[in-house]
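Structure first, commentary second.
The chain is numbered in sequence order, starting from 1.
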Amino acid sequence: MFKDTKAFSGFSVNDIAQAKGFYEQTLGLKVSEDSGMGILVLHITTGTEILIYPKGADHQPAAFTILNFPVDDIDEAVDELNRRGVHFEHYNNSDLPQDEKGIFRGLSRDGSPDIAWFKDPAGNILSVLKEE
C-alpha cells in the first residue's frame, strides 16, 4: 500500500525562530520556512525532508533520539559542535559508558556505533554517530 509513497517525519519545538537558528547556523543544515503553516523544513542530503512544527507551551521534548547524523570522524564532529556551543549529554548508564567527551565507544566495545547525544534548544535528543 505504501511502497511508493514518500514518507516523511516531523517533530515539535517550542520556538520556531530558535530552532531555525540552531538547525541552520549551528548544525549547518539547509532549512526552509513554510510561512503559511508556520513550520520549518529540514532538507537532508538524501532528499528527505523533515518537518519542524511549533507546539508552544504544550511542547514536550522527545525522550528518544529523533535525528542521527552519521559522521566520518566522531571526535572531530563532537569537538566542532562543542566549539559551536553544543553541550553533549552524559548519561549515567553502565550499559552505555561514555568518555569525557560524552562519546559511547561502541565500535571498540561490541561493534555498535560510536555515538554522542546532544539536544536542540527545545530539548529534543539528537546524535552524531560513527559506524564501521
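The pair R109-D95 does not meet the salt-bridge criterion, since no charged nitrogen lies less than 4.0 angstrom from a carboxylate oxygen.
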N/O donor-acceptor pairs under 3.5 Å from side chains in residues 22-29, not counting sequence neighbours:
{"unit_1": "Y23", "atom_1": "OH", "unit_2": "D120", "atom_2": "OD2", "d": "2.7"}
{"unit_1": "E24", "atom_1": "OE1", "unit_2": "K20", "atom_2": "NZ", "d": "2.9"}

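A side-chain contact (heavy atoms from CB on, under 4.5 Å) with S127 holds for exactly one of T65, L67, I74; it is T65.
A side-chain donor-acceptor contact under 3.5 Å links N124 to the backbone of A62. A donor-acceptor pair under 3.5 Å is absent between the side-chain atoms of Q18 and the main chain of V13, judged by distance alone.
Taking a 4.5 Å side-chain heavy-atom cut-off between Ile, Leu, Val, Met, Phe, Trp and Tyr, the cluster of F104 extends to Y91, L96, I115, W117, I125, L129.
One distance of note links OG of S12 with CD1 of I52; it measures 10.0 Å at 0.5 Å rounding. In this structure, the separation between CG on D72 and NZ on K130 is 6.0 Å, given to the nearest 0.5 Å. Going from atom CG of D75 over to atom NZ of K101 covers 4.0 Å, rounded to the nearest 0.5 Å. The CZ atom of F11 lies 10.5 Å from the CZ atom of F64; values are rounded to the nearest 0.5 Å.
Using a 4.5 Å cut-off on side-chain heavy atoms (C-beta onward), I39 and P54 make contact. Between F88 and I103, every side-chain heavy-atom pair lies at or beyond the 4.5 Å cut-off.
Nearest approach of L107 to E132, heavy atoms of both residues: CD2-CG, 3.2 Å.
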